[in-house]
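Along the sequence shown, residues are numbered consecutively beginning with 1. Since the structure is predicted, the reported quantities are computational estimates derived from the model, not experimental observations.
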Amino acid sequence: MQYQEIYKQGVSALKKAGIEEASLDARLLLEEVCGTDRTALYVHGEKELTGQQEKEYLEKIRLRAERIPLQHILGKTEFMGLTFLVNRDVLCPRPDTEILVEEVMKYLHDGMRILDIGTGSGCILLSLLHYSNDCQGVGADISESALRTAKGNAERLSAEQVCFVESNLFEHVEGQFEIIVSNPPYIKSSDIEDLMPEVKDHDPRSALDGGEDGLFFYRKITGRAKEHLPGGGMLFYEIGCEQGKAVSGIMEEQGFRDIQIVKDFSGLDRVVFGTWY
């Protein structure tokens, strides 16, 4: 079967399955199977796939039609211009989380120590280390399997000034950090079943469930973070789009100052940060 022919077949199957970005997903899966880029589809659309390529592509389309996340099928995703390994053990990095990284980078100076609570794939911490000089990072996560993924990403990116610790929040964290960053679970428990199948059925529930009001981990982390921050140290959070006021209030109650809320490109609250004095 030719490139264009099988691509159209893939798009059709994904549209029938209700995949919003059916054309994009079908193309990315074809590029992965054939080892080509998007140009090949349009310039060499008449090229024939091998029998093995055809079989592999249609299998990947089948998986995507079953609402398996594209990132899980590919085994990787792009974040901050870098490629990260992902799987069922970690939350797939979202473009919105790049807002968090970009805000931290505005205050990150050479030689700082960074703590990432709930590091997952390590994408936040490893991106910060990649785009800074001589910084050191610690990634903490309660999941041993998530930490295996984070360590694999660190090896791929040749990140040397980083270590990962299995820890329930701050339980096994030691030392002081100029920057603490976290994208904690912030979905209300009652709202999880309303999420897209790709999220509710395939992301770890422990990376989604923020308790009854979605704020459980913000309270827990904020209360302990100040023990690991020197004067002038900063705490950064990604938040749900309706949580800016609530998370700011939690930080203020715990003694943080200069608290700011940052919106994403859609004009929704996405990041809250403040300074410990």
V173-I114 co-clustered via ILVMFWY side chain contacts under 4.5 Å: no

Minimum heavy-atom separation for L126 to A159, with atom names? CD2-CB, 3.7 Å

If you look at every heavy atom in F217 and D209, which pair is closest and at what distance? CE1-O, 3.4 Å

What verdict does the side chain to side chain contact (heavy atoms under 4.5 Å, CB included) test give for I19 and R67, after you've listed the backbone C-alpha separation in whole Å, the side-chain angles of each residue and the deciding distance to 0.1 Å? CA-CA 8 Å; I19 306 297; R67 307 305 288 266; 3.5 Å; yes

Does some side-chain heavy atom of M80 sit less than 4.5 Å from a side-chain heavy atom of E102? yes

If hydrophobic clusters are built by linking Ile, Leu, Val, Met, Phe, Trp and Tyr wherever their side-chain heavy atoms come under 4.5 Å apart, do V247 and L115 end up in the same one? yes

Partner of R64 under salt bridge (charged side-chain N to carboxylate O under 4.0 Å, His left out), chosen from E21, E59, E32, E198: E198

Side-chain (K200) to main-chain (E193) donor-acceptor, under 3.5 angstrom: yes

Parallel, tilted or perpendicular: which describes the rings of F79 and F84, with under 30° parallel and over 60° perpendicular? perpendicular

What distance do L85 atom CG and S121 atom OG have between them, rounded to the nearest 0.5 Å? 9.0 Å

Not counting sequence neighbours, list each pair that qualifies as a salt bridge (charged side-chain N to carboxylate O under 4.0 Å, His left out) and has a residue in residues 237-252. none

Please determine whether the number of non-hydrogen atoms from other residues, nucleotides or ligands lying under 6.0 Å from atom NZ of K220 exceeds 12. no

Might you point out which heavy atoms bring P204 and R88 nearest each other, and give the distance in Å? CG-O, 3.3 Å

Spacing of H130 atom NE2 and C123 atom SG [to the nearest 0.5 Å]: 13.5 Å

Counting C-beta onward and ignoring hydrogens, is there a side-chain heavy-atom pair between K151 and V162 closer than 4.5 Å? no

Take Q53 and V33 through the test side chain to side chain contact (heavy atoms under 4.5 Å, CB included) and record every step on the way to the result. CA-CA 6 Å; Q53 287 174 330; V33 168; 3.9 Å; yes

Using only atom types and a distance under 3.5 Å, with no angle test, would you say the side chain of Q243 pairs donor to acceptor with the backbone of Y186? yes

Linked, directly or transitively: F170 and L125 (ILVMFWY side chains, under 4.5 Å): no

Close side-chain approach of I142 to S206, heavy-atom, < 4.5 Å: no

Restricting to non-hydrogen atoms, name the atom on P93 and the atom on V86 that form the minimum distance, rounded to 0.1 Å. CD-CG1, 3.6 Å

One should read off an interatomic distance between T77 OG1 and L70 CG, to the nearest 0.5 angstrom, of 7.5 Å

Go through the steps to decide whether L91 and L208 satisfy the test side chain to side chain contact (heavy atoms under 4.5 Å, CB included), and finish with yes or no. CA-CA 8 Å; L91 189 73; L208 300 172; 3.8 Å; yes

Ignoring hydrogens and geometry, is there a side-chain-to-backbone donor-acceptor pair from D264 to D96 under 3.5 Å? no

Counting N and O atoms only, with roles assigned by atom type, does the side chain of D134 sit under 3.5 Å from a partner on the main chain of D110, one being a donor and the other an acceptor? no

side-chain contact (heavy atoms from CB on, under 4.5 Å) with V272: of V262, I250, I239, L235, only one passes, and it is I239

Strictly distance-based, threshold 3.5 Å: is any side-chain N or O of R270 a donor or acceptor partner for the main-chain N or O of G240? no

Testing the 3.5 Å rule here: is there a donor-acceptor pair between the side chains of E78 and T83? yes

Verify the neighbour count for atom CD of E160: are there more than 12 heavy atoms of other residues, nucleotides or ligands below 6.0 Å? no

Is the shortest distance from a Lys or Arg side-chain nitrogen in D203 or R94 to a carboxylate oxygen in the other one below 4.0 Å? yes

Determine yes or no for a side-chain-to-main-chain donor-acceptor pair under 3.5 angstrom, with Y131 supplying the side chain and V101 the backbone. no

Determine whether a donor-acceptor pair (N or O, by modelled atom type, separation under 3.5 Å) exists between the side chain of E48 and the backbone of Y3. no

Do the side chains of Q260 and E103 get nearer than 4.5 Å, heavy atoms only? no

If every non-hydrogen atom of D213 is compared with every non-hydrogen atom of G210, which pair is closest and at what distance? OD1-O, 4.4 Å

Look at the side-chain heavy atoms of Ile, Leu, Val, Met, Phe, Trp and Tyr, link any pair under 4.5 Å apart, and say whether Y218 and V181 land in one connected group. no

Looking at every non-hydrogen atom in both residues, tell me the closest pair between Q136 and L129 and how far apart they are. C-CD2, 3.9 Å

Would you say that S248 contacts M251 through its side chain, given a criterion of any heavy-atom pair below 4.5 Å between the two side chains? no

Checking H72 side chain against N87 main chain: does a donor-acceptor pair fall under 3.5 Å? yes

Out of the candidates L30, I6, L29, only one should pair with I61 under the side-chain contact (heavy atoms from CB on, under 4.5 Å) rule; please name it. L29

Using side-chain heavy atoms (C-beta onward) and a distance below 4.5 Å, is L128 in contact with C135? no

Can we say E66 and R62 salt-bridge, meaning some charged N sits less than 4.0 Å from an Asp/Glu carboxylate O? yes

Is any side-chain heavy atom of R257 closer than 4.5 Å to one of T275? no

Rounding to 0.5 Å, atoms NE2 (H228) and CH2 (W276) come to a distance of 12.5 Å

When hydrophobic residues are tied together by side-chain contacts of less than 4.5 Å, even through go-betweens, does F236 share a cluster with I221? no

To the nearest 0.5 Å, how far apart are CG in L229 and CZ in F256? 5.5 Å

Could you tell me whether a side-chain N or O of Y237 sits under 3.5 Å from a main-chain N or O of T222, the two making a donor and an acceptor? yes

Just by modelled atom types, is the I117 backbone N or O under 3.5 Å from a matching donor or acceptor in the S182 side chain? yes

Atom CD of E46: over 12 foreign heavy atoms under 6.0 Å: yes

To the nearest 0.5 Å, tell me how far S23 OG sits from K15 NZ. 5.0 Å

Given F273 and Y107, is the ring pair (Phe, Tyr, Trp, His ring centres under 6.0 Å) satisfied, shown in steps? CA-CA 11 Å; F273 67 90; Y107 299 89; 5.3 Å; yes

